[in-house]
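All remarks here apply to the structure that follows.
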2 protein chains.
Amino acid sequence: MINIKIILEDAGIKPTIERLSILKYSNSKNNHPTAAMIFNEIVKKIPTISKTTVYNSLKLFMAKGIVTPLYITGSEVRYDFVTKPHHHFFCEKCGKIYDLEVECPIFRKKHFQGHLIKQQHGYFRGICKDCLGKEEKKQS
Amino acid sequence: MINIKIILEDAGIKPTIERLSILKYSNSKNNHPTAAMIFNEIVKKIPTISKTTVYNSLKLFMAKGIVTPLYITGSEVRYDFVTKPHHHFFCEKCGKIYDLEVECPIFRKKHFQGHLIKQQHGYFRGICKDCLGKEEKKQS
DNA sequence: TTTCGTGCAAAGCATTTGCAAGTAG
DNA sequence: CTACTTGCAAATGCTTTGCACGAAA
């Protein structure tokens with residue numbers, strides 16, 4: 001069980017109710033939400049929250065390395081709670097992003113062809129097993 | 001030597017001067033340009049060209065599979081002329097994108113954990129060898 | 001009091017859309 | 001004539017910025 005409050009305190013971030021909610025939501029549902037998804041969910045419980053605060057908080061979390069941005073869809077940033085290194089699969093049908101654990105030597109290298117590698121990330125795109133299942137049902 | 005005109009004709013696209021220029025530029029410099037970079041370059045030779053035409057043409061090329069979008073920087077789409085499968089390294093200092101040839105079994109799979117994989121892309125970020133070289137010079 | 005956090009409104013950018021005028025066959 | 005292409009201008013959508021109010025130490 002992860003303690004959200006301690007994560008913020010360890011990073012030197014004051015744990016306000018807004019920040020706790022934002023970090024909790026980006027972690028709990030494991031759905032790699034957009035800023036809009038986070039806002040729409042939290043505004044139900046904290047009606048006074050603004051999008052500015054969501055963006056401010058996410059920016060702060062990124063600076064501290066607590067969340068990472070995923071540029072997988074092209075039109076909007078998805079936020080990923082940082083745990084252990086992993087990769088992502090984006091379903092073009094339902095828009096869901098799955099975590100993938102992939103073993104490959106290149107993903108452990110610090111240098112490649114003279115370049116210093118600070119981040120590496122496997123992006124996969126296609127149709128997820130759930131959506132494939134629905135297609136089969138339709139046809140039968 | 002690639003014949004740009006034939007590529008367009010084979011794809012069923014009428015090779016107008018604008019489209020030829022756009023495709024030529026996204027291929028020749030091998031710099032994975034943004035729409036703005038393409039526009040700024042071409043407007044020097046064809047002063048009447050509009051950004052709309054650049055976007056229209058790129059959309060058409062993507063629909064035909066002639067170019068692919070790269071969502072590597074987060075703030076803008078970079079366009080990649082499609083040749084053989086490869087991966088990308090983005091330099092945070094100079095913004096340049098390098099092609100990488102990486103061998104890894106996962107990048108050849110069509111299915112993974114039940115998902116249908118249509119595209120896969122290894123995405124690396126850090127500091128390129130040129131910028132590393134410049135840093136060393138400064139310090140000495 | 002001084003600093004920090006919040007949030008409204010406006011601005012900024014990349015991209016898309018509506019539509020009118022031009023071109024090719 | 002008909003279908004396609006171009007390009008201006010306006011709109012859209014995500015994100016950032018300016019600024020003022022309010023809370024905390």
Side-chain angles (χ1 to χ4, degrees), chain A residues 4-5 8-9 11-26 32-64 66-80 90 95 97, chain B residues 5 8-9 11-23 25-26 32-64 66-80 90 95 97:
Chain A
I4 298 291
K5 198 175 166 205
L8 288 183
E9 283 168 349
I13 297 174
K14 192 190 288 182
T16 66
I17 182 72
E18 290 89 355
R19 290 172 178 168
L20 285 167
S21 303
I22 292 164
L23 189 54
K24 188 180 166 197
Y25 181 70
S26 30
H32 310 82
T34 63
M37 286 158 75
I38 296 171
F39 173 80
N40 290 331
E41 194 61 27
I42 294 178
V43 79
K44 293 177 188 168
K45 297 189 178 176
I46 310 176
T48 57
I49 202 170
S50 71
K51 285 191 180 174
T52 307
T53 298
V54 174
Y55 281 110
N56 282 344
S57 304
L58 289 169
K59 199 175 182 180
L60 197 55
F61 299 165
M62 286 190 285
K64 299 292 184 180
I66 299 173
V67 304
T68 3
L70 300 184
Y71 307 128
I72 198 167
T73 74
S75 57
E76 54 196 6
V77 183
R78 309 281 290 241
Y79 297 91
D80 187 34
F90 172 60
I97 294 176
Chain B
K5 198 177 165 202
L8 288 182
E9 282 168 349
I13 298 173
K14 193 191 287 182
T16 65
I17 182 72
E18 289 89 355
R19 289 171 178 167
L20 286 167
S21 304
I22 292 165
L23 188 55
Y25 181 70
S26 30
H32 311 82
T34 63
M37 286 159 74
I38 295 171
F39 173 79
N40 290 330
E41 194 61 28
I42 293 177
V43 78
K44 293 177 189 169
K45 296 189 179 176
I46 310 174
T48 56
I49 202 169
S50 71
K51 285 191 179 173
T52 307
T53 299
V54 174
Y55 281 109
N56 282 343
S57 304
L58 289 169
K59 199 174 182 181
L60 197 56
F61 299 164
M62 286 190 285
K64 299 292 183 179
I66 298 173
V67 304
T68 2
L70 300 183
Y71 307 128
I72 198 168
T73 74
S75 56
E76 55 197 4
V77 183
R78 310 281 290 241
Y79 296 90
D80 187 33
F90 172 61
I97 295 176

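Per chain, numbering begins at 1; letters A, B, ... match sequence-line order.
Rounded to whole Å, the distance from CG on A:Leu58 to P on D:dT15 is 9 Å. If you measure from atom CD1 of A:Ile13 to atom C1' of C:dT3, you get 17 Å, rounded to the nearest angstrom. Distance A:Lys51 NZ to C:dA10 C1': 15 Å, rounded to the nearest Å. Atom CD of A:Glu76 and atom P of C:dA14 are 18 Å apart (whole Å). Rounded to whole angstrom, the span from the CD1 atom of A:Ile17 across to the C1' atom of C:dG7 amounts to 17 Å. A straight line from OH of A:Tyr71 to P of D:dC14 spans 16 Å, rounded to a whole angstrom. Per the geometry, CG belonging to A:Asn56 stands 8 Å off C1' belonging to C:dT6, to the nearest Å. To the nearest angstrom, P of C:dA14 lies 12 Å from OH of B:Tyr79.
Between B:Ile66 and the options B:Leu58, B:Ile13, B:Leu60, a side-chain contact (heavy atoms from CB on, under 4.5 Å) holds for only B:Ile13.
Among the protein residues, A:Thr48 comes within range of the sugar-phosphate backbone only, with heavy atoms under 4.0 Å from sugar or phosphate atoms but none that close to a base. Residue contacts shown for A:Ser75 are limited to sugar-phosphate atoms, with no base heavy atom under 4.0 Å away.
Checked by atom type and distance alone, the side chain of B:Arg19 pairs as donor or acceptor with a backbone atom of B:Lys14 at under 3.5 Å. The backbone N or O of B:His32 lies less than 3.5 Å from a partner atom in the side chain of B:Arg78, making a donor-acceptor pair.
At the phosphate of C:dT17, OP1 or OP2 sits under 4.0 Å from a side-chain N or O atom of B:Lys59. The side chain of B:Tyr55 places an N or O atom within less than 4.0 Å of a non-bridging phosphate oxygen (OP1 or OP2) of C:dT15. Side-chain N/O atoms of B:Thr53 include one lying less than 4.0 angstrom from OP1 or OP2 on D:dG7. Between D:dT17 and A:Thr52, no contact under 4.0 Å exists linking OP1 or OP2 to a side-chain N or O.
Both B:Ala35 and B:Lys14 sit near DNA chain C, but only B:Ala35 has its closest nucleotide nearer the 5' end.
Between the OG atom in A:Ser26 and the CD atom in A:Glu41 there is a gap of 12.0 Å [rounded to 0.5 Å].
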